Amino acid sequence: MAATNRQLVAANATGCLEVFSTPYPETSWQIPWIHSLFGNAAAVGTGIAAALRVQGKRDVRVVAQGGDGGTTDIGFGCLSGMFERNDDVLYICYDNEAYMNTGVQRSSATPPAARTNTTMPVGESTGARFGQGKNLPLIAMAHEIPYVATATVAELRDLEAKVRRAMEFRGARYIHVLVPCPLGWGHGSAETIKMARLAMETALFPVFEAEHGEVKHVSKIRRQLPVEDYLRPQTRFAHLFKAPGHADLVARIQALADRNVQRFGLVGDAEDAQ
Amino acid sequence: MAEAVYNAAGLGLPIVMTVANRAIGAPINIWNDHTDALSQRDCGWLQLFAEDNQEALDLHIQAFRLAEELSLPVMVCMDGFILTHAYERVDMPTQAQVDSYLPPYELRQVLDPADPVSIWEPWSVPKRSWKYATRARKAAAGARTHPRVGGRIPARVRPSQWRARARISHQRRRRDRRRPRVRAGHDQGYRRRDARAGAQDRRARHHVLPAVAVRRGAQCTAKGEAGGRAEKSLAVGMGGIVGNNVSASFSGSPDRVHTVIAGLGGRSITRGSLHRVFEQALTDSLEPLTFLDLDRALVDRVLERERVHRRSGPIAEGILKDLGVVAAKTG
Ligand SMILES: Cc1ncc(C[n+]2csc(CCOP(=O)(O)OP(=O)(O)O)c2C)c(N)n1
Ligand code: SF4
Ligand SMILES: [Mg+2]
């Protein structure tokens, strides 16, 4: 809000954020805000931007936001269209890695091996399958939109800086924020920030900024932690560690983290531009 | 997509959407019928059907007026291919004419940082009251658009400023109302041809229908004469969609009302076929629900096979097999 001097209109997809922020007849929003559907936040944002353009209100900015389900699954077509047209909207995805509002179902942002209510580790199953899912930040970059960034709730200053940076651009922008969900991940509420930090420090969630399809800045990890440090405290991964355990799956998850390290050059001291 | 259609009505957005009507697959079909739009008839939108390109233009301007007055979204339906790909000379109103008919739009709800509001459909708003109010609003739409009901309304919406003929719904040949006919859209040149059967030409405006247009169309039928409706849509298992709406608002004997399903999937509606149907209607030999030009023998063979084989597979495949068109794989 500060980045736009409160000249901001928000569109919101259905999901936890929408539900807990607007318990009728109250609303938590001090900016103009609209909820239409689960899958069309990006399209509503596009419409608002178009209306503001017609009215010549260039100073009023538009943000559209949704959960990972609303973004990577049902709202994906609308979002890709918004990117492709380069509509002047900042889209923020709050990624808690499942459909949490409806009781923890797998989305295409759910990590492999995670237990959700639709990926129960029973019988042969070991939780969400490997090799599925979408990496929305990379997909956004493939659209070559002006600005793409990832962030976590562990680094609020970083998130704030990225929102400010996003508002310096016109056109489609995308910020993907990792938000641990105590209920769905199975950790204490007090651990939320810690989980987000561990996701970053194990390299499972790379934090970076990209402009026009090119990575411009990476938040470096000084010492990469083993993924086990991140997985163990969460009951959604408990089946990996219960006897007899699934060391092979933990190794596969470690390989995913190591791939991120290589791909983004995550480990190192300097936080320089690449 | 269907959910967004409901949502726009629920949010009271005065959207005008052009719909190029196209048959819905499977089997895939790129031609015209009305089942697509009519499948959305209960979404809370008004639906207007254009007869020709001139009317498509007129209806758009009228639609904005309706949408803005009533805070209801409106579809302007144009028959795919038949109208969307047709060239026709049209009268274009001047900007001044449109402006005098369509006053500047006053926004009812604004997302303005200077005066922030939250807009959503809170689940605790009593749904019943909301639905009732929506129903009343649609009835109002019907009244405002109908040239007869209440007598006073049509001038409000008729853009007589530029074209006396432009109306939301039509009534023709009032001399003979004994055999009224309800229809929608462009139906290929037969409307003025059959003087006896095409007695009253009620351009059906769906879902404005139940309250007004349909009832008037059906009233004449109630006086004891047969009425008819030709339509390009089908509610599977129920018959014609328009037909069902007509029946629902019709207080006379339903067996005096005939529905003819024609032009599904863009099938041509020929004058000859219509003449046959009208003749049957006049001699009381028309069935209540008739599919124009149906190859009865073919359908019967398919139905017979289905009766014999429990798992008979997709219908289209069965028909093709019967026709010997392709090497169908179903048994
Ligand atoms: C079309 C449609 N399908 C399903 C729902 C039910 N629904 C509401 S919120 C939600 C899940 C939201 O998940 P996500 O986008 O990840 O947001 P979260 O609640 O996890 O923050 C679902 C399935 C809906 N509102 N609309
Ligand atoms: S804890 Fe999880 S389920 Fe509860 S509001 Fe937060 S994201 Fe939603
Ligand atoms: Mg989620």
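This is a predicted model, so every value here is computed, not measured. Here is the naming used below: chain letters follow the sequence lines, and residue numbers restart at 1 for every chain. The analysis underlying the following values was restricted to heavy atoms, covering all of them including side chains, and did not include hydrogens, waters or symmetry mates.
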With a cut-off of 6.0 Å (strictly less than), are more than 12 heavy atoms of other residues, nucleotides or ligands near CD1 of B/I315?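 No, because the 6.0 Å sphere around CD1 of B/I315 holds 12 heavy atoms or fewer from other groups.
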Surrounding CZ of A/F38 (heavy atoms of other residues, nucleotides or ligands, distance under 6.0 Å), is the total greater than 12?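 For A/F38, atom CZ is crowded (more than 12 foreign heavy atoms under 6.0 Å).
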Roughly how far, to the nearest 0.5 Å, is the [atom2] atom of [Y] from the [atom1] atom of [X]?
| X | Y | atom1 | atom2 | value |
| --- | --- | --- | --- | --- |
| B/L111 | A/I31 | CG | CD1 | 10.0 Å |
| A/N12 | B/I119 | CG | CD1 | 13.0 Å |
| A/W33 | B/S118 | CH2 | OG | 6.0 Å |

Mind listing the closest non-hydrogen atom pair of A/E26 and B/W120 along with its distance?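 So the two residues come closest at O-CH2, 3.7 Å.
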So, for A/L8 and B/P113, which heavy atoms are closest and what is the spacing to 0.1 Å?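 The pair with the smallest heavy-atom distance is N-CG, 3.9 Å.
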Hey, are the side chains of A/S36 and B/N7 touching, using non-hydrogen atoms and a 4.5 Å cut-off?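 Yes, at least one pair of side-chain atoms sits under 4.5 Å.
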If the contact rule is any heavy atom under 4.5 Å from chain B, which residues of residues 41-76 of chain A qualify, in numerical order?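 So far as heavy atoms go, A/I48, A/V60 are the residues that approach chain B to under 4.5 Å.
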Among residues 182-190 of chain A, which ones touch chain B with a heavy-atom distance under 4.5 Å?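 Not one residue of residues 182-190 of chain A has a heavy atom under 4.5 Å from chain B.
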Proximity breakdown for A/Q30 and chain B, heavy-atom pairs closer than 4.5 Å: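 Looking at A/Q30, just its backbone touches chain B.
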